[in-house]
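One structure is given below, encoded as structure tokens.
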Protein chains: 2
Amino acid sequence: MKKKTTIYDIAKELNITAATVSRALNNNPRISEETKKLVLAMAAKLNYKQNKLALALKSGKSNNVGVVVPFINRNFFSSVIRGIEEELNPKGYNVIISQTHEDEKKEIDIVQNLLNSQVESILISVSRNTRTNEHFKQVLRKNIPLIFFDRKLELGGVSSVTLDDFQGAYQATEHLIEQGCKHIAHMTIDLALLIYQNRLAGYKQALEDHGMEFNPDYVVGLKSEIVAGKDAAKKLMDLPKPPDAIFSANDLGALGAIQYLKEIGKKIPEDCCIVGFSNEPFTQFMEPPISSVDQSPLPMGKTAAKVFLEQINSKGVKIEKSVVLDPTLEIRKSSLKNGK
Amino acid sequence: MKKKTTIYDIAKELNITAATVSRALNNNPRISEETKKLVLAMAAKLNYKQNKLALALKSGKSNNVGVVVPFINRNFFSSVIRGIEEELNPKGYNVIISQTHEDEKKEIDIVQNLLNSQVESILISVSRNTRTNEHFKQVLRKNIPLIFFDRKLELGGVSSVTLDDFQGAYQATEHLIEQGCKHIAHMTIDLALLIYQNRLAGYKQALEDHGMEFNPDYVVGLKSEIVAGKDAAKKLMDLPKPPDAIFSANDLGALGAIQYLKEIGKKIPEDCCIVGFSNEPFTQFMEPPISSVDQSPLPMGKTAAKVFLEQINSKGVKIEKSVVLDPTLEIRKSSLKNGK
DNA sequence: TTGTACGCGTTATCAG
DNA sequence: CTGATAACGCGTACAA
């Protein structure tokens, strides 16, 4: 009961050799139907299960891929992982997940460990605090595909799947302009990060393209919290000419803004339109439901997985692919001025 | 560059044998400091990485565990997984995740595949539609620890970590009673499932223990959607004697109820107190913030991982442990009648 | 202190 | 069509 049955066990039972058993199990054409039957029957009887470890060692293919994210229980990341798993599991791959907790040291450890575990690829959303890339270079040196998703580092030879933040911000801002808003503010998070720079740039570009003036006073920073959103909103509303629309670089900021505006008796969207970013699940439940830029995490995961599959199938040829996904603006009540 | 370096490579380089290298790397006491130094240096130089596959095959320990959930991008499940990963990763285990999509056939396939992959344990939240248990028995037959979390099946030899739904419902109901509510309704989901039966039972028990009458009219069913919550709330409010409190078995129901009550001009919590179940992230963002029973997913994950570790460390001795976690009621404004 | 030889479970190669 | 053997990379008795 305890010992796992191997092909030797079933070979012995049938008075044939393990090689034959292996061939029968793998449907090798040059094997008699007769023995194939026998082997299959005996395998079933002994409850034989192929040991993938041995296969992996022999073939050099572990059929495991490593997925690394800062935290797995964030809606965005868990959705990306879902996409990856759904794409890769049917192809016979196992998905190993690890969390960096936004810690560079941990990230390095994880990557080393995954390499030790002989994963066939590493798909990673780089930690916010990662400053070096030696660990990534090591992955490349081993010739195993490395794929960045959402958060990337500049590094030759690495494929990536990211979101067009600029485009998302542009769409959001343009939408607000189309609603007739004349003074559009922007709440940003951390301008040290590329994604927020891009969102700011998209916002600016949309203003410019529609002949609207960019006003630095309309750009306020916030931390990733509701209270921060409230504070930022207060700052904006205390301006001599308060804005009539706010595009926040995250959803919590948008929520905080809405709460503050309600507190001071403003109506949304009549007095001020709001658009957030990320399309977190809660946005659709709010009153009013909050418009937000969707980051399409599921497609991002599936795409990342597909890029890996391409890479693995193009033996020898090194490919470096950069996929940039288009975000889609989910328009809801918080930014819909004119009815419908 | 392409070939991975093995202990043989570094042995050859140093004119010693692979065995010695292996020992040096593993800090075997009976090895000269001299050669140890040399080996370590050469290992670093050649960028040697231990091949865990070979080790796993040799030792019979893969250092992988499989975690199976219906969908990974549900807040509850991803949080449980986070707990598992955080507990197991430091111990050197890799966490392989798979999703059943609530499909029994898929679940069976996944379990088989994990067995093939030689995982050391399977931690699973059973699919809602699973009716058989042959695949689980197989796991037990192979003598690998099987641990159910959140959703369990009755099966000897399997450990489990679940939530005390009865207790959670009891607490919620008792809290409403303490707020002075006299007519407490209950929204339930699917009474075919044990967890909802238990929540209903906890609700009833709390009423009874406080000398309050159970009124079947106050129990309404709902699907897991907001609109369902609205419909159910309407049904309740149309009763001759509408309730002054609602305890919903999920958060979406609570949210729908709040939205409907607001629509018809009721004030929350003054006219009607609301408590939900699950403590989904959005509950805290709502207006008013919704009280809810927290299912402590993180502790559940950590506990499940610990149970596995115990099991693996108690060689030979079969243990079957059932941990039932106490839920904690998160009290928020939606159920706080008397100030504070 | 170090070397020799073997086995973990598979498959691929080469004979037969 | 099938058997024997080597090899994947590692750790470990046993021997020296």
Side-chain angles (χ1 to χ4, degrees), chain A residues 2-40 42-43 46-64 92 113 115-120 142 144, chain B residues 2-40 42-43 46-64 92 113 115-120 142 144:
Chain A
K2 191 155 193 180
K3 288 295 305 162
K4 336 214 168 187
T5 75
T6 74
I7 49 174
Y8 279 93
D9 299 325
I10 118 160
K12 193 173 298 173
E13 213 66 28
L14 260 44
N15 275 323
I16 54 177
T17 178
T20 309
V21 175
S22 171
R23 282 188 277 253
L25 256 23
N26 289 316
N27 248 310
N28 191 311
R30 43 185 216 180
I31 203 90
S32 80
E33 280 302 322
E34 185 71 25
T35 49
K36 198 178 286 184
K37 289 273 183 221
L38 284 172
V39 168
L40 257 43
M42 185 56 70
L46 297 185
N47 193 26
Y48 167 78
K49 292 273 150 45
Q50 185 194 48
N51 184 333
K52 286 202 178 182
L53 246 43
L55 176 56
L57 178 59
K58 176 84 174 107
S59 67
K61 288 182 80 308
S62 70
N63 278 301
N64 289 159
N113 174 60
L115 285 180
N116 288 186
S117 298
Q118 311 297 118
V119 293
E120 290 186 40
K142 298 242 168 199
I144 90 161
Chain B
K2 189 153 194 181
K3 287 295 306 161
K4 335 216 166 182
T5 76
T6 74
I7 50 174
Y8 281 93
D9 299 324
I10 118 160
K12 194 173 298 172
E13 211 67 27
L14 261 44
N15 274 325
I16 54 177
T17 178
T20 309
V21 175
S22 170
R23 282 188 276 253
L25 257 23
N26 290 317
N27 249 307
N28 192 312
R30 43 184 216 181
I31 203 89
S32 82
E33 279 303 321
E34 186 71 24
T35 48
K36 198 179 287 184
K37 289 272 184 222
L38 284 172
V39 168
L40 257 44
M42 184 56 70
L46 296 186
N47 193 27
Y48 168 78
K49 294 274 150 44
Q50 185 194 48
N51 184 334
K52 287 201 176 181
L53 246 42
L55 176 57
L57 179 59
K58 175 91 175 98
S59 66
K61 288 181 82 308
S62 69
N63 278 302
N64 289 158
N113 174 58
L115 285 179
N116 288 187
S117 298
Q118 310 297 119
V119 294
E120 290 185 41
K142 298 241 167 198
I144 91 160

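Chain identifiers are assigned alphabetically (A, B, ...) following the order of the sequence lines, protein sequences preceding nucleic acid strands; residue numbering begins at 1 within each chain.
An OP1 or OP2 oxygen of C:dC8 is reached within less than 4.0 angstrom by no side-chain nitrogen or oxygen of A:Asn51. Proximity of B:Thr20 to the phosphate of C:dG3: a side-chain N or O atom is located under 4.0 Å from OP1 or OP2. Side-chain N/O atoms of A:Gln50 include one lying less than 4.0 angstrom from OP1 or OP2 on C:dT11. The shortest distance between the side-chain N/O atoms of B:Ser59 and the OP1/OP2 oxygens of D:dG11 is not below 4.0 Å.
The A:Leu57 side chain lies nearest to D:dG9 when the options are D:dG9, C:dA5, C:dT11. Closest to the side chain of B:Ser22, from the set D:dC8, D:dC10, D:dG11, is D:dG11. Side-chain atoms of B:Arg23 lie closest to C:dG3 of the nucleotides D:dG3, D:dT2, C:dG3. Counting only heavy atoms from C-beta on, A:Thr6 has its side chain closest to C:dT10 among C:dT2, C:dT10, C:dT4. For A:Tyr8, taking side-chain heavy atoms from C-beta onward, the closest of the listed nucleotides C:dT10, D:dC14, D:dG3 is C:dT10.
A straight line from CD1 of A:Ile7 to P of C:dG7 spans 16 Å, rounded to a whole angstrom. In this structure, A:Leu55 atom CG and C:dC8 atom P are separated by 17 Å, rounded to whole Å. The distance from atom CG of B:Asp9 to atom C1' of D:dA7 is 15 Å, rounded to the nearest whole Å. Atom pair B:Lys4:NZ and D:dG9:P shows a separation of 9 Å (rounding to whole Å applied). To the nearest angstrom, P of D:dC1 lies 9 Å from NZ of A:Lys36. As rounded to whole Å, 15 Å separates atom C1' of D:dC1 from atom CG of A:Leu14. Protein atom CG of B:Asn28 is 16 Å distant from nucleotide atom P of D:dC10, rounded to whole Å. For the pair B:Leu25 CG and D:dC10 C1', the computed distance is 11 Å after rounding to whole Å.
For the pair B:Leu40/B:Leu25, a side-chain contact is recorded, criterion being any heavy-atom separation below 4.5 Å from C-beta on. Side-chain contact check for A:Ser62 versus B:Leu53: some heavy-atom pair is nearer than 4.5 Å. A 4.5 Å side-chain heavy-atom check between A:Asp9 and A:Met42 finds every atom pair outside the cut-off. A:Thr20 places none of its side-chain heavy atoms less than 4.5 Å from the side chain of A:Val39.
Residue whose closest nucleotide on DNA chain D sits further toward the 5' end, between A:Glu33 and A:Ala19: A:Glu33. Of the residues near DNA chain C, A:Lys49 and B:Pro29, the one whose nearest nucleotide (by heavy atom distance) lies more toward the 5' end is B:Pro29.
Residue A:Ile31 is classed as a sugar-phosphate contact, given heavy-atom separations below 4.0 Å to backbone atoms only. The residue A:Lys61 sits apart from the nucleic acid: no heavy atom pair falls under 4.0 Å. Heavy atoms of B:Thr17 sit under 4.0 angstrom from at least one base atom. Counting non-hydrogen atoms under 4.0 angstrom, B:Ile16 reaches the backbone sugars and phosphates but no base.
Just one of B:Lys4, B:Lys49, B:Lys52 meets the side chain to side chain contact (heavy atoms under 4.5 Å, CB included) condition when paired with A:Gln118; it is B:Lys4.
Evaluation of atom-type donor-acceptor distances gives no pair under 3.5 Å for the side chain of A:Lys58 against the base of C:dT10.
Side-chain atoms of A:Lys142 and B:Asn47 form no donor-acceptor pair, as typed in the model, at a separation below 3.5 Å.
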